[in-house]
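Just so it is clear, the structure is predicted and the values come from calculations on it, not from any experiment.
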There are 2 protein chains.
Amino acid sequence: MNTLSEENYLKCIYRLWQDKGQKISPTAIADALGNNPASVVDMIRKLTDKQLISYDKKKGVELTAQGQKDATMIVRRHRLWEVFLLEKLGYHWDEIHDIAEDLEHIKDATLADRLDKFLGFPEYDPHGDPIPKANGKMAKRYSTTLADVKVGGSCRVVAVRDTTSQFLQYLQKLSINIGTKIQLLEKITFDNSLVISINGEEPKTVSQKFGESLLIDM
Amino acid sequence: MNTLSEENYLKCIYRLWQDKGQKISPTAIADALGNNPASVVDMIRKLTDKQLISYDKKKGVELTAQGQKDATMIVRRHRLWEVFLLEKLGYHWDEIHDIAEDLEHIKDATLADRLDKFLGFPEYDPHGDPIPKANGKMAKRYSTTLADVKVGGSCRVVAVRDTTSQFLQYLQKLSINIGTKIQLLEKITFDNSLVISINGEEPKTVSQKFGESLLIDM
DNA sequence: AAATAAAATTAGCCTTACCTAATTTTATTT
DNA sequence: AAATAAAATTAGGTAAGGCTAATTTTATTT
Ligand SMILES: [Mn+2]
Ligand SMILES: [Mn+2]
Ligand SMILES: [Mn+2]
Ligand SMILES: [Mn+2]
């Protein structure tokens with residue numbers, strides 16, 4: 001069984017691998033976790049000994065089959081708890097991530113499966129991220145962002161790429177939720193700012209960073 | 001905020017204080033937690049510094065007002081999660097204690113209150129222990145055991161004093177649950193064994209230890 | 001009151017998971 | 001190719017929360 005810290009590293013490596021598909025370096029992990037690179041090197045040794053990752057200066061850090069399995073199950077628990085907190089306990093979507101960050105580490109052979117059943121086997125979490133099934137499979141992850149939409153085009157919000165409360169609360173203020181319709185009216189060439197209409201309302205301007213953080217379906 | 005270990009010590013001291021009402025010594029705590037007395041002495045120092053307990057060789061360990069408040073809220077969370085696991089996720093009553101032992105440490109300002117509301121503000125947990133309210137108050141704790149019943153008398157099971165799976169599974173085997181009616185047919189004077197009838201069925205013999213572990217209402 | 005037993009405490013170690021500072025290796029400029 | 005910068009690693013340290021073994025204090029017997 002993995003410790004809390006080991007689990008957080010596995011999940012972090014899994015996320016970096018999914019997000020970029022690029023070489024995962026000790027510094028990348030350190031940045032993502034807010035830890036010192038020296039600490040990361042320690043943990044890389046530990047996880048390598050446990051055969052959960054492999055590390056090669058050329059290829060960077062990679063999850064082994066077992067590491068991938070373990071990471072997927074942590075993500076599964078995280079997202080299921082998020083659904084529970086939002087749907088059953090009435091939290092808002094900017095409050096659930098941090099609590100799920102702790103709940104995901106509760107280990108019991110049947111807990112995740114029971115929770116899954118209790119929640120009605122949800123496909124996506126409240127942020128639009130797919131929830132891995134017990135067998136590790138999961139629905140497709142969205143990848144097109146608002147920044148990819150062509151001027152004049154319309155789209156529907158399906159997920160967020162950033163789950164910080166700063167971003168989620170900003171969305172709240174703009175009345176944007178999963179499912180909200182957005183039309184791209186104009187792209188400011190100077191800094192790629194986007195002029196959008198939310199649910200057909202009056203135009204608002206948002207930054208490129210904002211656009212890249214909203215996942216959409218055309 | 002208290003660490004996981006500090007919380008487990010607080011809860012342990014709280015339980016010892018409730019159970020015996022006697023002087024709580026370092027060895028008693030060590031026994032209860034399965035830790036070494038030397039480790040307990042370390043933690044006594046730490047909790048004393050944090051003003052959560054007081055320690056006097058004569059009077060033993062005592063919770064301060066704050067320590068009592070903290071301990072009560074841990075117990076609240078533990079028992080609420082137990083109700084959740086049993087009622088919502090369908091666990092049996094011998095499986096929930098260990099999982100709640102971890103869930104009780106999840107800290108969020110409103111989590112316990114939301115869970116309480118979601119569960120319909122239960123008064124007792126699945127083992128018959130009263131659940132502290134948000135203000136710290138709770139329903140009465142039962143204290144009469146099956147061993148206190150007079151021969152010929154009848155009673156109803158209201159709680160268990162032992163939550164080990166050994167005991168709970170034994171109860172399961174005997175078809176005893178919260179609410180089960182038991183009649184005391186005979187008390188063997190040799191070793192205080194009890195001959196009982198469960199729900200009017202044929203007589204069964206149980207030990208004194210068994211009788212002292214079942215809390216009842218006459 | 002001594003002797004003995006039990007409980008409490010101290011001293012010194014260990015592991016986990018972090019850290020800083022120094023050094024070495026690898027990449028990027030010039 | 002050197003020089004420089006960045007990344008990775010090593011060395012050594014810290015705090016939490018355990019441990020064992022030795023010692024001191026307190027209780028219980030004789
Ligand atoms: Mn986590
Ligand atoms: Mn999420
Ligand atoms: Mn616990
Ligand atoms: Mn209970």
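- Side chains of A/D125 and A/H78: a donor-acceptor N/O pair is absent below 3.5 angstrom, by distance only.
- The shortest side-chain heavy-atom distance between A/I96 and A/F84 does not fall under the 4.5 Å cut-off.
- Nucleic acid contact class of B/G60 (heavy atoms, under 4.0 Å, all strands): none.
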Strictly under 3.5 Å: I want the nitrogen or oxygen pairs between protein and nucleotides 4-9 of chain D, one per line.
{"from": "D/dA8", "atom 1": "OP2", "to": "A/T27", "atom 2": "N", "distance (Å)": "3.1"}
{"from": "D/dA8", "atom 1": "OP2", "to": "A/T27", "atom 2": "OG1", "distance (Å)": "2.2"}
{"from": "D/dT9", "atom 1": "OP2", "to": "A/Y55", "atom 2": "OH", "distance (Å)": "3.3"}

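- The distance from atom CE of B/M43 to atom P of D/dA15 is 16 Å, rounded to the nearest whole Å.
- Residues B/T27 and B/S25 bring a donor and an acceptor atom of their side chains to less than 3.5 Å of each other.
- A/E7 has its CD atom 16 Å from the P atom of C/dT16, to the nearest Å.
- Distance B/N2 CG to D/dA16 P: 13 Å, rounded to the nearest Å.
- Using modelled atom types, one finds a donor on one side chain and an acceptor on the other under 3.5 Å when comparing A/D108 with B/Y91.
- Residues B/T145 and B/L214 have side chains not in contact (no heavy-atom distance under 4.5 Å, counting atoms from C-beta outward).
- Closest approach of B/L86 and B/W93 over heavy atoms only: CD1-N, 3.6 Å.
- When each of A/L4 and A/K58 is assigned the nucleotide of DNA chain C bearing its nearest heavy atom, the one mapping closer to the 5' terminus is A/L4.
- We find that CG of B/D42 is positioned 14 Å from P of D/dA15, with the value rounded to whole Å.
- Rounded to whole Å, atom P of C/dC19 lies 10 Å from atom CG of A/L33.
- Side chains of B/H92 and B/Q172: a donor-acceptor N/O pair is absent below 3.5 angstrom, by distance only.
- Within the 4.0 Å cut-off from OP1 or OP2 of D/dG18, at least one side-chain nitrogen or oxygen of B/S5 is found.
- Residue B/I24 comes nearest to B/I13 through the heavy atom pair CD1-O, 3.6 Å, listed as atom of the first residue, atom of the second, then distance.
- Stretches of at least 3 consecutive Watson-Crick or G-U wobble pairs, with each checked distance under 3.5 Å, appear in DNA chain D as C:1-30 with D:1-30.
- No side-chain N or O of A/N2 forms a donor-acceptor pair with one of A/K107 less than 3.5 Å apart.
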